[in-house]
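Per chain, numbering begins at 1; letters A, B, ... match sequence-line order.
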Protein chains: 2
Amino acid sequence: MEPRGPQDYFDAGMALLAGGGVGAVTIARLCSELGVTKGSFYHHFRGVEDFKTQLLVHWAIDGERQVLQAAASVADPVERLDTIRELGIALNHEAEVAIRAWSRTDAHAWAVREQVDVARERTVAAAYTEVGVPHEAAELLGRLAVAVLVGAQHRGETTDRDALRQLYGRLQEMTAAIYLPAAAPR
Amino acid sequence: MEPRGPQDYFDAGMALLAGGGVGAVTIARLCSELGVTKGSFYHHFRGVEDFKTQLLVHWAIDGERQVLQAAASVADPVERLDTIRELGIALNHEAEVAIRAWSRTDAHAWAVREQVDVARERTVAAAYTEVGVPHEAAELLGRLAVAVLVGAQHRGETTDRDALRQLYGRLQEMTAAIYLPAAAPR
DNA sequence: CCGGTACCATACCACAGGGTATGGAGGCAC
DNA sequence: GTGCCTCCATACCCTGTGGTATGGTACCGG
(Lines give C-alpha, C1' and ligand atoms only; values in the text may rest on other atoms or scores of the structure.)
Protein backbone atom coordinates (compact mmCIF):
# COMPACT_ATOMS: atom_id res chain seq x y z
CA MET A 1 0.00 0.00 0.00
CA GLU A 2 1.98 2.99 -1.16
CA PRO A 3 0.85 6.15 0.63
CA ARG A 4 -1.44 8.59 -1.14
CA GLY A 5 -0.39 12.16 -1.73
CA PRO A 6 -2.41 15.30 -2.43
CA GLN A 7 -1.70 14.85 -6.14
CA ASP A 8 -3.69 11.60 -6.15
CA TYR A 9 -6.67 13.43 -4.71
CA PHE A 10 -6.31 16.23 -7.27
CA ASP A 11 -6.29 13.76 -10.16
CA ALA A 12 -9.36 11.97 -8.84
CA GLY A 13 -11.03 15.31 -8.10
CA MET A 14 -10.51 16.57 -11.65
CA ALA A 15 -11.97 13.33 -13.00
CA LEU A 16 -15.03 13.69 -10.80
CA LEU A 17 -15.31 17.36 -11.75
CA ALA A 18 -15.18 16.52 -15.44
CA GLY A 19 -17.63 13.66 -15.09
CA GLY A 20 -20.39 15.16 -13.00
CA GLY A 21 -19.71 18.76 -12.16
CA VAL A 22 -18.69 20.25 -8.84
CA GLY A 23 -21.60 18.49 -7.16
CA ALA A 24 -20.00 15.15 -7.87
CA VAL A 25 -16.84 16.07 -5.97
CA THR A 26 -17.58 14.39 -2.66
CA ILE A 27 -15.33 12.94 -0.01
CA ALA A 28 -16.87 9.48 -0.22
CA ARG A 29 -16.42 9.29 -3.99
CA LEU A 30 -12.85 10.55 -3.79
CA CYS A 31 -11.92 7.93 -1.20
CA SER A 32 -13.76 5.19 -3.07
CA GLU A 33 -11.84 6.08 -6.21
CA LEU A 34 -8.51 5.93 -4.38
CA GLY A 35 -9.33 2.87 -2.33
CA VAL A 36 -9.05 4.62 1.02
CA THR A 37 -11.46 5.87 3.67
CA LYS A 38 -12.28 9.28 5.04
CA GLY A 39 -9.52 9.06 7.63
CA SER A 40 -7.01 9.43 4.82
CA PHE A 41 -8.79 12.41 3.30
CA TYR A 42 -9.02 14.38 6.53
CA HIS A 43 -5.37 13.69 7.17
CA HIS A 44 -4.38 15.54 3.97
CA PHE A 45 -7.09 18.23 3.86
CA ARG A 46 -8.95 20.22 6.47
CA GLY A 47 -12.32 19.64 4.83
CA VAL A 48 -14.12 19.49 1.53
CA GLU A 49 -14.03 23.26 1.12
CA ASP A 50 -10.30 23.33 1.62
CA PHE A 51 -9.90 20.57 -0.97
CA LYS A 52 -12.02 22.32 -3.57
CA THR A 53 -10.05 25.51 -3.14
CA GLN A 54 -6.76 23.70 -3.61
CA LEU A 55 -8.17 21.79 -6.58
CA LEU A 56 -9.12 25.05 -8.24
CA VAL A 57 -5.69 26.57 -7.72
CA HIS A 58 -4.16 23.36 -9.01
CA TRP A 59 -6.20 23.70 -12.21
CA ALA A 60 -5.23 27.34 -12.66
CA ILE A 61 -1.53 26.68 -12.10
CA ASP A 62 -1.55 23.78 -14.52
CA GLY A 63 -3.36 25.80 -17.14
CA GLU A 64 -1.02 28.71 -16.72
CA ARG A 65 2.02 26.54 -17.00
CA GLN A 66 0.99 24.19 -19.80
CA VAL A 67 -0.88 26.57 -22.06
CA LEU A 68 0.71 29.95 -21.61
CA GLN A 69 4.30 28.86 -21.18
CA ALA A 70 4.05 26.53 -24.15
CA ALA A 71 2.68 29.38 -26.21
CA ALA A 72 5.35 31.80 -25.05
CA SER A 73 8.07 29.50 -26.33
CA VAL A 74 7.02 30.13 -29.95
CA ALA A 75 8.76 33.22 -31.24
CA ASP A 76 6.86 33.89 -34.45
CA PRO A 77 3.48 35.44 -33.53
CA VAL A 78 1.54 33.96 -36.47
CA GLU A 79 2.87 30.50 -35.75
CA ARG A 80 2.18 31.11 -32.09
CA LEU A 81 -1.50 31.74 -32.84
CA ASP A 82 -1.69 28.30 -34.45
CA THR A 83 -0.03 26.82 -31.38
CA ILE A 84 -2.51 28.54 -29.09
CA ARG A 85 -5.38 27.20 -31.16
CA GLU A 86 -4.11 23.64 -30.90
CA LEU A 87 -3.48 24.04 -27.17
CA GLY A 88 -7.05 25.25 -26.72
CA ILE A 89 -8.41 22.30 -28.63
CA ALA A 90 -6.40 19.88 -26.49
CA LEU A 91 -7.78 21.19 -23.18
CA ASN A 92 -9.87 19.13 -20.74
CA HIS A 93 -13.14 20.66 -21.89
CA GLU A 94 -15.36 18.64 -19.55
CA ALA A 95 -13.48 19.89 -16.53
CA GLU A 96 -13.48 23.47 -17.78
CA VAL A 97 -17.23 23.43 -18.36
CA ALA A 98 -17.72 22.22 -14.81
CA ILE A 99 -15.44 24.94 -13.47
CA ARG A 100 -17.25 27.63 -15.46
CA ALA A 101 -20.58 26.48 -14.11
CA TRP A 102 -19.11 26.35 -10.62
CA SER A 103 -17.78 29.88 -10.98
CA ARG A 104 -21.33 31.19 -11.33
CA THR A 105 -22.26 30.16 -7.80
CA ASP A 106 -18.91 30.47 -6.01
CA ALA A 107 -17.07 33.77 -5.67
CA HIS A 108 -13.63 32.25 -5.27
CA ALA A 109 -14.05 29.98 -8.27
CA TRP A 110 -15.22 33.00 -10.25
CA ALA A 111 -12.07 34.96 -9.41
CA VAL A 112 -9.71 32.13 -10.34
CA ARG A 113 -11.47 31.32 -13.61
CA GLU A 114 -11.66 34.97 -14.56
CA GLN A 115 -7.93 35.30 -14.01
CA VAL A 116 -7.24 32.33 -16.28
CA ASP A 117 -9.54 33.64 -19.01
CA VAL A 118 -8.04 37.11 -18.89
CA ALA A 119 -4.56 35.62 -19.16
CA ARG A 120 -5.62 33.69 -22.24
CA GLU A 121 -7.17 36.77 -23.80
CA ARG A 122 -4.00 38.73 -23.20
CA THR A 123 -1.87 36.02 -24.79
CA VAL A 124 -3.97 36.04 -27.96
CA ALA A 125 -4.18 39.82 -28.02
CA ALA A 126 -0.43 40.16 -27.61
CA ALA A 127 0.20 37.89 -30.58
CA TYR A 128 -2.14 39.94 -32.77
CA THR A 129 -0.52 43.17 -31.60
CA GLU A 130 2.89 41.82 -32.57
CA VAL A 131 1.80 41.24 -36.15
CA GLY A 132 0.54 44.78 -36.54
CA VAL A 133 -3.13 44.66 -35.53
CA PRO A 134 -4.22 47.87 -33.77
CA HIS A 135 -4.25 47.60 -30.00
CA GLU A 136 -7.99 47.98 -29.49
CA ALA A 137 -8.83 45.51 -32.26
CA ALA A 138 -6.32 42.98 -30.93
CA GLU A 139 -7.87 43.12 -27.49
CA LEU A 140 -11.32 42.51 -28.94
CA LEU A 141 -10.00 39.62 -31.01
CA GLY A 142 -8.58 38.03 -27.89
CA ARG A 143 -11.95 38.21 -26.17
CA LEU A 144 -13.66 36.89 -29.28
CA ALA A 145 -11.29 33.91 -29.50
CA VAL A 146 -11.84 32.97 -25.85
CA ALA A 147 -15.59 33.37 -26.28
CA VAL A 148 -15.61 31.00 -29.25
CA LEU A 149 -13.53 28.52 -27.29
CA VAL A 150 -15.90 28.63 -24.32
CA GLY A 151 -18.94 28.45 -26.57
CA ALA A 152 -17.62 25.45 -28.44
CA GLN A 153 -16.74 23.75 -25.16
CA HIS A 154 -20.43 23.52 -24.36
CA ARG A 155 -21.37 21.72 -27.55
CA GLY A 156 -20.69 18.18 -28.58
CA GLU A 157 -19.34 15.19 -26.73
CA THR A 158 -15.77 14.39 -25.84
CA THR A 159 -14.71 13.28 -29.28
CA ASP A 160 -16.01 16.34 -31.09
CA ARG A 161 -12.79 18.30 -31.29
CA ASP A 162 -13.08 18.60 -35.05
CA ALA A 163 -16.05 20.94 -34.68
CA LEU A 164 -14.06 23.18 -32.37
CA ARG A 165 -11.11 23.08 -34.74
CA GLN A 166 -13.39 24.07 -37.61
CA LEU A 167 -15.01 26.96 -35.72
CA TYR A 168 -11.73 28.20 -34.31
CA GLY A 169 -10.06 27.98 -37.70
CA ARG A 170 -12.87 29.88 -39.36
CA LEU A 171 -12.61 32.72 -36.88
CA GLN A 172 -8.89 32.86 -37.49
CA GLU A 173 -9.45 32.93 -41.26
CA MET A 174 -11.93 35.77 -40.98
CA THR A 175 -9.61 37.67 -38.70
CA ALA A 176 -6.67 37.18 -41.02
CA ALA A 177 -8.72 38.23 -44.03
CA ILE A 178 -9.47 41.56 -42.40
CA TYR A 179 -6.43 42.39 -40.32
CA LEU A 180 -3.61 40.41 -41.93
CA PRO A 181 -4.04 40.78 -45.69
CA ALA A 182 -0.30 40.44 -46.21
CA ALA A 183 0.32 37.51 -43.90
CA ALA A 184 -2.66 35.41 -45.02
CA PRO A 185 -3.74 36.33 -48.53
CA ARG A 186 -6.99 34.92 -49.84
CA MET B 1 -54.70 31.60 -0.08
CA GLU B 2 -55.13 31.40 -3.79
CA PRO B 3 -54.17 27.94 -5.02
CA ARG B 4 -50.78 27.44 -6.64
CA GLY B 5 -50.47 26.18 -10.18
CA PRO B 6 -47.58 24.51 -12.01
CA GLN B 7 -46.64 27.89 -13.50
CA ASP B 8 -45.81 29.21 -10.03
CA TYR B 9 -43.42 26.32 -9.51
CA PHE B 10 -41.85 26.90 -12.92
CA ASP B 11 -41.20 30.56 -12.17
CA ALA B 12 -39.66 29.75 -8.81
CA GLY B 13 -37.70 26.90 -10.36
CA MET B 14 -36.19 29.13 -13.05
CA ALA B 15 -35.20 31.65 -10.39
CA LEU B 16 -33.48 28.94 -8.35
CA LEU B 17 -31.85 27.57 -11.50
CA ALA B 18 -30.52 30.99 -12.42
CA GLY B 19 -29.35 31.70 -8.90
CA GLY B 20 -27.55 28.53 -7.93
CA GLY B 21 -27.57 26.01 -10.75
CA VAL B 22 -29.52 22.79 -11.00
CA GLY B 23 -28.28 21.74 -7.59
CA ALA B 24 -30.20 24.60 -5.99
CA VAL B 25 -33.50 23.35 -7.40
CA THR B 26 -34.78 21.49 -4.38
CA ILE B 27 -38.29 20.73 -3.18
CA ALA B 28 -37.76 22.42 0.14
CA ARG B 29 -36.53 25.64 -1.46
CA LEU B 30 -39.34 25.67 -4.02
CA CYS B 31 -41.97 25.28 -1.31
CA SER B 32 -40.26 27.82 0.94
CA GLU B 33 -40.26 30.30 -1.95
CA LEU B 34 -43.97 29.77 -2.62
CA GLY B 35 -45.02 29.65 1.01
CA VAL B 36 -46.31 26.08 0.88
CA THR B 37 -45.12 22.67 2.09
CA LYS B 38 -44.13 19.46 0.35
CA GLY B 39 -47.71 18.22 0.29
CA SER B 40 -48.49 20.87 -2.30
CA PHE B 41 -45.50 19.99 -4.46
CA TYR B 42 -46.24 16.29 -4.57
CA HIS B 43 -49.83 17.05 -5.48
CA HIS B 44 -48.75 18.83 -8.68
CA PHE B 45 -45.67 16.76 -9.59
CA ARG B 46 -44.75 13.11 -9.25
CA GLY B 47 -41.30 13.90 -7.90
CA VAL B 48 -38.31 16.15 -8.29
CA GLU B 49 -37.22 14.39 -11.48
CA ASP B 50 -40.62 14.91 -13.04
CA PHE B 51 -40.50 18.58 -12.11
CA LYS B 52 -37.05 19.14 -13.56
CA THR B 53 -38.11 17.52 -16.83
CA GLN B 54 -41.16 19.74 -17.09
CA LEU B 55 -39.10 22.78 -16.16
CA LEU B 56 -36.68 22.03 -18.97
CA VAL B 57 -39.45 21.65 -21.53
CA HIS B 58 -40.99 24.85 -20.24
CA TRP B 59 -37.72 26.67 -20.89
CA ALA B 60 -37.37 25.22 -24.38
CA ILE B 61 -40.95 26.08 -25.36
CA ASP B 62 -40.57 29.61 -24.06
CA GLY B 63 -37.30 30.08 -25.90
CA GLU B 64 -38.74 28.68 -29.09
CA ARG B 65 -41.74 30.96 -28.90
CA GLN B 66 -40.15 34.19 -27.74
CA VAL B 67 -36.91 34.14 -29.69
CA LEU B 68 -37.60 32.27 -32.89
CA GLN B 69 -41.13 33.45 -33.53
CA ALA B 70 -40.13 37.04 -32.81
CA ALA B 71 -37.28 36.69 -35.28
CA ALA B 72 -39.45 35.06 -37.93
CA SER B 73 -41.76 38.07 -37.93
CA VAL B 74 -39.04 40.28 -39.43
CA ALA B 75 -39.13 39.96 -43.21
CA ASP B 76 -35.85 41.64 -44.17
CA PRO B 77 -32.99 39.19 -43.41
CA VAL B 78 -30.39 41.86 -42.58
CA GLU B 79 -32.77 43.59 -40.20
CA ARG B 80 -33.70 40.18 -38.83
CA LEU B 81 -30.05 39.51 -37.93
CA ASP B 82 -30.06 42.67 -35.83
CA THR B 83 -33.27 41.52 -34.15
CA ILE B 84 -31.76 38.11 -33.39
CA ARG B 85 -28.73 39.80 -31.86
CA GLU B 86 -30.86 41.92 -29.57
CA LEU B 87 -33.01 38.92 -28.62
CA GLY B 88 -29.86 36.99 -27.74
CA ILE B 89 -28.61 39.83 -25.57
CA ALA B 90 -31.93 40.00 -23.73
CA LEU B 91 -31.95 36.32 -22.74
CA ASN B 92 -31.86 35.03 -19.16
CA HIS B 93 -28.16 34.25 -19.28
CA GLU B 94 -27.87 32.99 -15.71
CA ALA B 95 -30.54 30.37 -16.31
CA GLU B 96 -29.03 29.35 -19.63
CA VAL B 97 -25.61 28.88 -18.10
CA ALA B 98 -27.13 26.64 -15.46
CA ILE B 99 -28.96 24.62 -18.10
CA ARG B 100 -25.82 24.23 -20.20
CA ALA B 101 -23.91 22.95 -17.19
CA TRP B 102 -26.79 20.66 -16.33
CA SER B 103 -26.83 19.28 -19.87
CA ARG B 104 -23.32 17.95 -19.39
CA THR B 105 -24.42 15.51 -16.69
CA ASP B 106 -28.00 14.75 -17.74
CA ALA B 107 -28.86 13.07 -21.04
CA HIS B 108 -32.35 14.50 -21.28
CA ALA B 109 -31.21 18.03 -20.55
CA TRP B 110 -28.54 17.57 -23.19
CA ALA B 111 -31.08 16.61 -25.83
CA VAL B 112 -33.39 19.54 -25.09
CA ARG B 113 -30.61 22.12 -24.99
CA GLU B 114 -29.07 20.76 -28.16
CA GLN B 115 -32.41 21.09 -29.90
CA VAL B 116 -32.70 24.72 -28.85
CA ASP B 117 -29.15 25.54 -29.94
CA VAL B 118 -29.60 23.86 -33.30
CA ALA B 119 -32.80 25.81 -33.87
CA ARG B 120 -30.97 29.04 -33.12
CA GLU B 121 -28.14 28.15 -35.46
CA ARG B 122 -30.60 27.36 -38.23
CA THR B 123 -32.35 30.68 -37.75
CA VAL B 124 -29.11 32.61 -38.11
CA ALA B 125 -27.92 30.46 -40.99
CA ALA B 126 -31.21 30.90 -42.84
CA ALA B 127 -30.95 34.67 -42.59
CA TYR B 128 -27.42 34.64 -43.99
CA THR B 129 -28.48 32.31 -46.79
CA GLU B 130 -31.29 34.69 -47.73
CA VAL B 131 -28.87 37.56 -48.25
CA GLY B 132 -26.70 35.53 -50.59
CA VAL B 133 -24.09 33.88 -48.39
CA PRO B 134 -23.16 30.39 -49.66
CA HIS B 135 -24.95 27.58 -47.86
CA GLU B 136 -21.92 26.02 -46.18
CA ALA B 137 -20.55 29.36 -45.03
CA ALA B 138 -23.94 30.40 -43.68
CA GLU B 139 -24.19 27.23 -41.62
CA LEU B 140 -20.75 27.84 -40.15
CA LEU B 141 -21.65 31.44 -39.37
CA GLY B 142 -24.73 30.24 -37.49
CA ARG B 143 -22.62 27.96 -35.34
CA LEU B 144 -20.08 30.71 -34.81
CA ALA B 145 -22.74 33.16 -33.69
CA VAL B 146 -24.22 30.73 -31.16
CA ALA B 147 -20.73 29.86 -29.92
CA VAL B 148 -19.96 33.53 -29.29
CA LEU B 149 -23.28 33.94 -27.48
CA VAL B 150 -22.61 30.96 -25.23
CA GLY B 151 -19.04 32.04 -24.63
CA ALA B 152 -20.07 35.53 -23.66
CA GLN B 153 -22.78 34.15 -21.37
CA HIS B 154 -20.08 32.71 -19.15
CA ARG B 155 -18.27 35.97 -18.64
CA GLY B 156 -19.26 38.96 -16.62
CA GLU B 157 -22.04 39.53 -14.16
CA THR B 158 -25.67 40.20 -14.83
CA THR B 159 -25.29 43.82 -15.85
CA ASP B 160 -22.54 43.18 -18.37
CA ARG B 161 -24.68 43.06 -21.49
CA ASP B 162 -22.60 45.73 -23.16
CA ALA B 163 -19.66 43.36 -23.45
CA LEU B 164 -21.85 40.79 -25.16
CA ARG B 165 -23.25 43.45 -27.45
CA GLN B 166 -19.74 44.54 -28.37
CA LEU B 167 -18.49 41.03 -29.08
CA TYR B 168 -21.59 40.05 -31.00
CA GLY B 169 -21.49 43.25 -33.00
CA ARG B 170 -17.84 42.75 -33.87
CA LEU B 171 -18.49 39.27 -35.19
CA GLN B 172 -21.32 40.64 -37.28
CA GLU B 173 -19.09 43.38 -38.64
CA MET B 174 -16.37 40.94 -39.61
CA THR B 175 -18.92 38.67 -41.23
CA ALA B 176 -20.44 41.52 -43.16
CA ALA B 177 -17.03 42.76 -44.28
CA ILE B 178 -16.29 39.39 -45.85
CA TYR B 179 -19.63 38.08 -47.05
CA LEU B 180 -21.79 41.19 -47.47
CA PRO B 181 -19.59 43.85 -49.09
CA ALA B 182 -22.62 45.41 -50.74
CA ALA B 183 -24.92 45.42 -47.73
CA ALA B 184 -22.37 46.68 -45.21
CA PRO B 185 -19.62 48.65 -46.91
CA ARG B 186 -16.58 49.56 -44.86
C1' DC C 1 14.16 -0.52 22.96
C1' DC C 2 11.15 3.66 23.03
C1' DG C 3 8.72 7.71 21.66
C1' DG C 4 7.02 10.36 18.13
C1' DT C 5 5.07 11.06 13.70
C1' DA C 6 2.98 9.99 9.17
C1' DC C 7 -0.80 7.59 7.44
C1' DC C 8 -5.13 5.55 7.67
C1' DA C 9 -9.40 2.54 9.37
C1' DT C 10 -13.52 2.38 12.20
C1' DA C 11 -17.33 4.17 14.49
C1' DC C 12 -20.31 7.61 15.36
C1' DC C 13 -23.08 12.15 15.06
C1' DA C 14 -25.81 15.94 12.72
C1' DC C 15 -28.28 17.57 9.02
C1' DA C 16 -30.35 18.11 4.49
C1' DG C 17 -32.86 16.19 0.87
C1' DG C 18 -36.22 12.88 -1.54
C1' DG C 19 -40.16 10.27 -0.77
C1' DT C 20 -44.57 8.33 1.52
C1' DA C 21 -48.68 8.02 4.37
C1' DT C 22 -52.33 10.20 6.37
C1' DG C 23 -55.67 13.43 7.40
C1' DG C 24 -58.04 17.84 7.05
C1' DA C 25 -60.41 21.97 4.90
C1' DG C 26 -63.19 23.68 1.21
C1' DG C 27 -66.06 23.41 -2.89
C1' DC C 28 -69.36 21.03 -6.06
C1' DA C 29 -72.79 17.47 -7.57
C1' DC C 30 -76.62 14.86 -6.34
C1' DG D 1 -76.76 16.13 4.15
C1' DT D 2 -73.54 12.70 1.65
C1' DG D 3 -70.02 11.67 -1.20
C1' DC D 4 -66.23 12.98 -3.96
C1' DC D 5 -62.57 15.73 -5.61
C1' DT D 6 -58.97 19.43 -5.29
C1' DC D 7 -55.41 21.28 -2.67
C1' DC D 8 -52.41 21.15 0.97
C1' DA D 9 -50.29 20.47 6.05
C1' DT D 10 -48.10 17.30 9.19
C1' DA D 11 -45.40 13.56 10.57
C1' DC D 12 -42.33 10.14 9.57
C1' DC D 13 -38.51 7.24 7.24
C1' DC D 14 -34.28 6.45 4.41
C1' DT D 15 -30.15 7.81 2.22
C1' DG D 16 -26.16 10.55 1.31
C1' DT D 17 -22.81 13.77 2.90
C1' DG D 18 -19.76 16.61 5.94
C1' DG D 19 -17.47 16.29 10.11
C1' DT D 20 -15.23 14.44 14.53
C1' DA D 21 -13.13 11.33 17.76
C1' DT D 22 -10.42 7.57 18.52
C1' DG D 23 -7.35 3.95 17.89
C1' DG D 24 -4.14 1.28 15.21
C1' DT D 25 0.12 0.30 12.21
C1' DA D 26 4.50 1.19 10.43
C1' DC D 27 8.57 3.66 10.05
C1' DC D 28 12.30 6.58 11.83
C1' DG D 29 15.44 8.99 15.17
C1' DG D 30 17.48 8.62 19.57
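A donor-acceptor contact under 3.5 angstrom links the side chains of A:D11 and A:Q7, judged on distance only.
Residues passing the salt bridge (Lys or Arg N to Asp or Glu O under 4.0 Å) test with B:E49: none are found, sequence neighbours excluded.
Classification of the A:H44-A:Y9 ring pair by plane angle, with boundaries at 30° and 60°, yields tilted.
Comment: B:E139 does not engage B:R143 in a salt bridge, judged by the lack of any side-chain N to carboxylate O separation of less than 4.0 angstrom.
Looking at A:T129, A:V133, A:V124 one by one, the single match for side-chain contact (heavy atoms from CB on, under 4.5 Å) with A:L141 turns out to be A:V133.
OP1 and OP2 of D:dC8 both lie 4.0 Å or more from every side-chain N or O belonging to B:H43. For D:dC8, the OP1/OP2 oxygens have a side-chain nitrogen or oxygen of B:H44 closer than 4.0 Å.
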Whether each nucleotide of nucleotides 17-22 of chain D has a protein heavy atom under 4.0 Å at its base (B), only at its sugar-phosphate (S) or at neither (-) is summarised, 5' to 3', as SBBB--
